[in-house]
Amino acid sequence: MAKKAKSVTFSSSSPLSLLSSLSSFTSLPASPLNQTFSQSMMEETVEAAESIIKKWDPNSPSYTKIISLFSHSRKEAKEFIKCIRDLRRAMHFLISQHSQSAKLVLAQHLMQIGMARLEKEFFQILSSNRDQLDPESVSCQSSLSSNSEFEDVMQSDDDDDDDDDDEDELKKAGESITKVEKAAALVMSDLKVIAETMISCGYGKECIKSYKLIRKSIVDEGLHLLGIEKCKISRFNRTDWSVLEPMIKNWIKAAKIGVITLFRGEKLLCDHVFSASSTIRESCFYEIANEAGINLFKFPELVAKKETKSSPERIFRLMDLYAAISDLRPDIELIFHFDSVAAVKTLVLSSLKKLKESIHTSLTEFESTLQKDSSKALTAGGGIHKLTRSTMSFISSLSEYSRVLSEILAEYPLKRNTRMLESYFTAPILEDEQDNNYTVSVHLAWLILVFLCKLDIKAENYKDVSLSYLFLVNNTQFVVDTVRSTHLRNLLGEDWLTKHEAKLRSYAANYEMVAWANVYISLPEKSNTTLSPEEAKTHFKRFHAAFEEAYMKQSSCVIPDAKLRDELKVSIAKKLVPEYREFYSKYLPTLSQERNIEMLVRFKPDNLENYLSDLFHGTPILSGSSSLSSSSCISLGCVRN
């Protein structure tokens, strides 16, 4: 638990305590001439202060009782501050030389009136300038002078009117900032000079009390407007994840504004107003921001600890939270650097730690779910399995969080079969295993490998071997396309794509061989021997039967990728059409005397291309069809002799 801010003690506003606070003043040299001259000057100072201070007595019946000194006349405000400081110096002298002086009693009385006025002014400025002192305006002040602009201008004795004063102060605030920022700088300057004057006179307690009260209410209101409320754990645990997701998105936006604008603005304001005392700055900022900071950063910790039903997509919201807090952490460290508000930094670190644990758990659960998947549901026509779509969508989304994942995996290295992985994957940056993306690349490659192994098992569930290979063709193509078109390409590298494209071609070749082998072998091998009419007739029958059987079976298959579909059709046509055309041209004339030649030779070479063009659209030919009509087919124009 963080230490509470150090207690700040100030002199009481009573006359006796004030005298005590001034008693440490070092007396002037004891020369009688000096004493007489100095006493005369100090008494004149007290007399001069009387008219100015009493005019602004908040307990007087005059109009000044309800008018703000600083908003009424900045010139008079400067005179008033100068008068208070001169009065304090006079009191120092009178205490050390003439502690029973009637002038000292008057000075004490005037000081109390002056402090009452400044206390009222301080409260009024804080209350009536909320727009100028809103954290957004304050946070725009990238650098605040350690010396008050008000104080600098106050030192000039040549100011003749209020307009000149205001113009001077605006110039001091800086010509490059906006009008709103200039106004904020002036208000902050007024608060600073009042605070320093009251604290130096022993009245800091009254000043600080008002400051804490008003500024805390502004911070609390700011968080409320951002949608940040104190979390009730029991209610939070009952919140459904579907409700929690939009809450997380809103929190991320609110946290950025809260840290960069709200808390940063308050810290800048506090540091500026109470620049003279680090103890006071810490005390004020603790009272204003500690509870609010804890309320803000309690939410991500609760999200990280929340138990939910297995939902892989949950990991992305957790990583969003982690990334948002990590990005804000340098600002958090600067803003909450006091020991008294260390609880906020501790909570931020705790939230990051618990988010890391939850993200790691989600990763391991996803891999485990892949490995345990035992569904035997098959996709019609060897198409893309829904597990392929969901898995690659998940893994490609993971690749967009490589920075977060690199930090998680560095702390939680996952066990894997390294030798098996290296046999098919070479990381793009093997020479630098400390590279941020290296561990991410290896881990995502491993997840894809686990999934591809699962695809092999699912392919075995098809009774038709050719359909098993077509299933692998389609799903491997989907995996490769996903890698090529997402950030996975940068992480896995061209070598990964090359190896898997080769594997894809191998699956396609195996499909062709199994699905169309009987058609290919139904034609006679090329030789110098000429077939007899009966032998030619037999080969025509075999070819027609084999082609019709293959066509009927393969017409129900599907290849969703148009480019792959056309490539496979062309490959089949190149192997089949030229061979059949040559056979057809050579032996059809020998059968010219055959009766019902149309029934014997049912396919013309040109029509084969048309039949092949119908394949892989998932539209099976009814087995009851007596013939394969080509009237509705469109020629691919694949092969021409």
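For the numbers below, each heavy atom of this structure counts, side chains included, while hydrogens, waters and symmetry mates do not.
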Quiz item: Yes or no on side chain to side chain contact (heavy atoms under 4.5 Å, CB included) for Asn295 and Glu229, after CA distance, side-chain angles and deciding distance?
Solution: CA-CA 7 Å; Asn295 286 342; Glu229 303 290 349; over 6 Å; no
Does [atom1] belonging to [X] count more than 12 external heavy atoms closer than 6.0 Å?
{"X": "Phe123", "atom1": "CZ", "result": "no"}
{"X": "His337", "atom1": "NE2", "result": "yes"}
{"X": "Ile233", "atom1": "CD1", "result": "no"}

Any donor-acceptor pair under 3.5 Å from [X] side chain to [Y] backbone:
{"X": "Ser189", "Y": "Ala185", "value": "no"}
{"X": "Glu245", "Y": "Arg317", "value": "no"}
{"X": "Arg281", "Y": "Ser275", "value": "yes"}
{"X": "Lys216", "Y": "Ala289", "value": "no"}
{"X": "Glu411", "Y": "Lys356", "value": "no"}
{"X": "Glu365", "Y": "Pro312", "value": "no"}
{"X": "Ser326", "Y": "Ala323", "value": "no"}
{"X": "Thr261", "Y": "Gly258", "value": "no"}
{"X": "Ser200", "Y": "Glu196", "value": "yes"}

Exercise. Report the C-alpha distance between Glu76 and Lys55 in whole Å, list the side-chain angles of each, state the deciding distance to 0.1 Å, and finish with yes or no for salt bridge (Lys or Arg N to Asp or Glu O under 4.0 Å).
Key: CA-CA 11 Å; Glu76 285 194 51; Lys55 174 184 176 181; 2.9 Å; yes
Quiz item: Would Lys82 and Lys78 count as a side chain to side chain contact (heavy atoms under 4.5 Å, CB included) if you check the C-alpha gap in whole Å, the side-chain angles of each, and the deciding distance to 0.1 Å?
Solution: CA-CA 6 Å; Lys82 187 175 185 302; Lys78 292 168 192 153; over 6 Å; no
Short side-chain donor-acceptor distance under 3.5 Å, [Y] and [X]:
{"X": "Glu119", "Y": "Ser210", "answer": "no"}
{"X": "Lys298", "Y": "Ser351", "answer": "no"}
{"X": "Lys354", "Y": "Ser358", "answer": "no"}

Grab the two heavy atoms, one from [X] and one from [Y], that are nearest each other, plus how far apart they are.
{"X": "Leu133", "Y": "Met188", "answer": "CD2-CG, 3.7 Å"}
{"X": "Leu334", "Y": "Lys267", "answer": "O-CE, 4.5 Å"}
{"X": "Ile52", "Y": "Cys83", "answer": "CB-SG, 4.4 Å"}
{"X": "Leu491", "Y": "Ser441", "answer": "O-OG, 2.8 Å"}
{"X": "Phe122", "Y": "Ile194", "answer": "CD1-CG2, 3.7 Å"}
{"X": "Leu347", "Y": "Ile294", "answer": "CD2-O, 3.4 Å"}

Heavy atoms, side chains only, cut-off 4.5 Å: are [X] and [Y] in contact?
{"X": "Ser283", "Y": "Lys212", "value": "yes"}
{"X": "Phe285", "Y": "Asp271", "value": "no"}
{"X": "Ile208", "Y": "Met198", "value": "no"}
{"X": "Arg85", "Y": "Val193", "value": "yes"}

Between [X] and [Y], does any side-chain N to carboxylate O distance fall below 4.0 Å?
{"X": "Arg403", "Y": "Asp327", "answer": "yes"}
{"X": "Arg74", "Y": "Asp190", "answer": "yes"}
{"X": "Lys120", "Y": "Glu206", "answer": "no"}

Working to the nearest 0.5 angstrom, can you tell me the gap between [X] [atom1] and [Y] [atom2]?
{"X": "Glu221", "Y": "Leu226", "atom1": "CD", "atom2": "CG", "answer": "10.5 Å"}
{"X": "Ile335", "Y": "Glu266", "atom1": "CD1", "atom2": "CD", "answer": "10.5 Å"}
{"X": "Leu126", "Y": "Ile218", "atom1": "CG", "atom2": "CD1", "answer": "7.5 Å"}
{"X": "Leu363", "Y": "Leu409", "atom1": "CG", "atom2": "CG", "answer": "6.5 Å"}
{"X": "Asp320", "Y": "Ile325", "atom1": "CG", "atom2": "CD1", "answer": "11.0 Å"}
{"X": "Ile332", "Y": "Lys345", "atom1": "CD1", "atom2": "NZ", "answer": "10.5 Å"}

Please check if the distance between the ring centroids of [X] and [Y] is under 6.0 Å.
{"X": "Phe316", "Y": "Phe394", "result": "yes"}
{"X": "Phe336", "Y": "Phe263", "result": "yes"}
{"X": "Phe274", "Y": "Tyr211", "result": "yes"}

Self-check item: Plane angle bin for Phe299 and Trp251 - parallel if under 30°, tilted between 30 and 60°, otherwise perpendicular
Solution: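 Trp251 vs Phe299 ring planes: parallel.
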Self-check item: Pair Ser396-His487, side chain to side chain contact (heavy atoms under 4.5 Å, CB included): steps then yes or no
Solution: CA-CA 7 Å; Ser396 64; His487 188 55; over 6 Å; no
Exercise. Could you go through the side chain to side chain contact (heavy atoms under 4.5 Å, CB included) check for Lys306 and Leu318 one step at a time?
Key: CA-CA 11 Å; Lys306 183 175 175 60; Leu318 296 177; over 6 Å; no
